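Presented below is the structure to which this report refers.
Owing to the predicted nature of the structure, the values given are computational and were not obtained by experimental measurement. Only heavy atoms go into these numbers, but all of them, side chains included; no hydrogens, no water, no symmetry mates.
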Amino acid sequence: MAYYKQLFLFLTILLLPINNIPSQTNKINQIDSLMKRSNQTGAFNGNVLVSKNKKIIYNASFGFTDAKKTKKLTPDYRFHIGSITKEFSGVVLMQLQEQGKLKIEDHVSKYIPELPKWANEVTIKDLLQYTSGIPDVNWKKIKNDKDLFDGLQLVDSLDFKPGTKYDYKIYNLFLRQFIVERLAGMSFKTYVEKFIFKPCKMNSSIMTPFENEKNIARGFNNDLVADKEDLPITGATYLTAKDLQKWSDCLNSNKIMSASSLFELGQHYDLPETESALGQAKYMNRKLVKHLHDGRAGSYEALLVSDVNEKFTIILLGNNHNGKLFEISDAITAILKNEKHSFHQKNNP
């Protein structure tokens, strides 16, 4: 009898550490509890997806599709991803470089010679790293893509010598797209649909301009005022959380470009707090290990967090900006890594 008691005690002690490790189900429950509180306190209205080892472990919707608050969101809804859309033009330019159609050290004037003489100084690399010095868009005069291009032709001087400073201006993005159209012989939208969305199986993804699409989450503020409609210009992208997760996996699989191109694309101006075309990208031995990119457009907010070593991805897409996505993702990260977290949420005033 004493032997069995000792054996039972030994087995109990042996099993204690295992019992103290939260199971995946427990982690999912913690994430679900966090997201419910985030919604109830007004910190989050949108869709969330968490994947581990390339498998979705949590995919849920919280809140409403628009300012009327009459229809609930579902995982099929698509959200404007703001600045994350800049990754697509960056990847496309790297694809064209791999095809021998350009070099990112080339000057813009090589591909669009009718631009003013400042195009002789600005390289494609400057456009990717936001070091071009091109002034900001005058949105009061913009109604379509032609207006954007005409605006570039009216720029008479740069704000600084290219490559010497960092300035996150959106004309860098549009000029990338115009170069792609010249080289590819098709619209930027068509190129992305054919060579980004399709190979990555991002079947729900759409890019502006579009009309009468269903399952579009509409942005609104905390006063329940709806965002204005998009201008009919190219580039704004609406994705489901699942498609954004597919995009993250696609980048890491070398399916759409090489590992060396992925490394080159993630380089940024050599100062803290500057972004690359991938947002914030960290590498180890030239291999991407962390990828973080956030986006904002009107009341839309988006966040992609991918940790390759820990093998998880967190997607947060909202249509009612409250500026809490980083805090929420940090809390989810802590849950996934069995760490403590404190996310103090306040109700909207």
Side-chain angles (χ1 to χ4, degrees), residues 35 38-39 42-49 56 58-89 139 142-145 148 170 173-174 177 187-194 196-198 200-248 250 293-304 314-325 328:
M35 295 312 304
S38 299
N39 174 249
F44 182 73
N45 185 101
N47 287 356
V48 54
L49 182 148
I56 296 172
Y58 187 77
N59 188 14
S61 303
F62 298 90
F64 299 93
T65 62
D66 56 34
K68 295 179 181 178
K69 289 195 171 184
T70 57
K71 192 173 182 180
K72 292 275 192 176
L73 286 166
T74 69
D76 293 329
Y77 270 81
R78 296 171 282 196
F79 296 74
H80 193 321
I81 59 171
S83 292
I84 302 175
T85 195
K86 296 179 175 69
E87 295 187 5
F88 302 134
S89 61
W139 287 108
I142 304 300
K143 294 181 179 179
N144 50 45
D145 289 344
L148 284 166
I170 199 167
L173 169 68
F174 292 122
Q177 295 178 181
S187 73
F188 179 73
K189 177 181 177 179
T190 299
Y191 189 100
V192 170
E193 289 170 347
K194 189 173 182 178
I196 299 291
F197 294 164
K198 188 174 180 179
C200 292
K201 298 181 179 179
M202 298 164 65
N203 302 323
S204 297
S205 302
I206 54 176
M207 181 174 284
T208 55
F210 58 79
E211 293 181 359
N212 303 320
E213 288 284 352
K214 296 180 180 179
N215 294 339
I216 303 292
R218 301 295 179 181
F220 63 94
N221 65 21
N222 288 327
D223 294 321
L224 302 184
V225 177
D227 287 358
K228 294 180 180 179
E229 292 290 328
D230 287 319
L231 291 170
I233 60 178
T234 302
T237 312
Y238 287 73
L239 306 185
T240 61
K242 191 171 183 179
D243 269 9
L244 191 51
Q245 184 241 348
K246 288 180 181 179
W247 169 244
S248 178
C250 206
H293 208 165
D294 67 307
R296 173 83 190 277
S299 298
Y300 292 100
E301 53 185 355
L303 181 61
L304 162 65
I314 299 168
I315 307 290
L316 292 161
L317 301 177
N319 57 328
N320 171 227
H321 176 261
N322 285 285
K324 295 289 186 179
L325 296 194
I328 294 171

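- The side-chain hydrogen bond (donor to acceptor under 3.5 Å, both in side chains) analysis of residues 226-242, with sequence neighbours excluded, yields the pairs T85-T237, D145-T234, D227-S299, D230-Y238.
- A donor-acceptor contact shorter than 3.5 Å is absent between the side chain of D294 and the backbone of L303.
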**Study point:** Evaluation steps, side-chain contact (heavy atoms from CB on, under 4.5 Å), between N320 and N222
**Key:** CA-CA 7 Å; N320 171 227; N222 288 327; 3.1 Å; yes

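- No donor-acceptor pair closer than 3.5 Å links the side chain of Q177 to the backbone N or O of S89.
- Evaluation of the side-chain hydrogen bond (donor to acceptor under 3.5 Å, both in side chains) rule for R218 yields no partner, not counting sequence neighbours.
- Nearest heavy-atom pair, A297 versus G82, reported as atom, atom and distance to 0.1 Å: CB-CA, 4.2 Å.
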Practice item. Take V48 and I328 through the test side-chain contact (heavy atoms from CB on, under 4.5 Å) and record every step on the way to the result. Key: CA-CA 10 Å; V48 54; I328 294 171; over 6 Å; no

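- Using a 4.5 Å heavy-atom cutoff, the side chains of F44 and K324 are not in contact.
- In this structure, CD1 on I314 lies 11.5 Å from CG on L325, to the nearest 0.5 angstrom.
- Distance check, rounded to the nearest 0.5 Å: CG of N47 to CG of L317 gives 6.5 Å.
- No donor-acceptor pair closer than 3.5 Å links the side chain of K69 to the backbone N or O of F64.
- Side chain of N221 to backbone of D223: a donor-acceptor contact under 3.5 angstrom is found.
- Between N45 and N319 there is a side-chain heavy-atom pair separated by less than 4.5 Å.
- Rounded to the nearest 0.5 Å, atoms CZ (R296) and NE2 (H321) are 4.0 Å apart.
- Using a 4.5 Å heavy-atom threshold, the side chains of I206 and I216 count as touching.
- Ring pair F197/F88: centre-to-centre distance below 6.0 Å.
- For residues 201-212, the pairs satisfying side-chain hydrogen bond (donor to acceptor under 3.5 Å, both in side chains) are S205-D243, with sequence neighbours left out.
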Practice item. For the pair F79 and L73, evaluate side-chain contact (heavy atoms from CB on, under 4.5 Å) and give the outcome as yes or no after the intermediate values. Key: CA-CA 11 Å; F79 296 74; L73 286 166; 3.9 Å; yes

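- Across all non-hydrogen atoms, the minimal contact from G219 to Y300 is N-OH, 3.2 Å.
- Under the rule for a side-chain hydrogen bond (donor to acceptor under 3.5 Å, both in side chains), T65 has no partner lying at least two apart in sequence or in another chain.
- Across every non-hydrogen atom of A302 and I84, the tightest pair is CB-CD1, 3.9 Å.
- For residues 70-81, every residue pair satisfying the side-chain hydrogen bond (donor to acceptor under 3.5 Å, both in side chains) rule, not counting sequence neighbours, is listed here: K71-Y77, R78-E213.
- Separation of atoms CD1 (I196) and CE (M207) is listed at 9.0 Å; rounding is to 0.5 Å.
- Annotation for L304 and S248: closest pair CD1-CB, 4.0 Å, computed over non-hydrogen atoms.
- Taking the side chain as every heavy atom from C-beta outward, W139 and I170 approach each other to under 4.5 Å.
- Among residues two or more places apart in sequence or in another chain, the side-chain hydrogen bond (donor to acceptor under 3.5 Å, both in side chains) test is passed with Q245 by D249.
- Nearest heavy-atom pair, S61 versus P75, reported as atom, atom and distance to 0.1 Å: OG-N, 3.0 Å.
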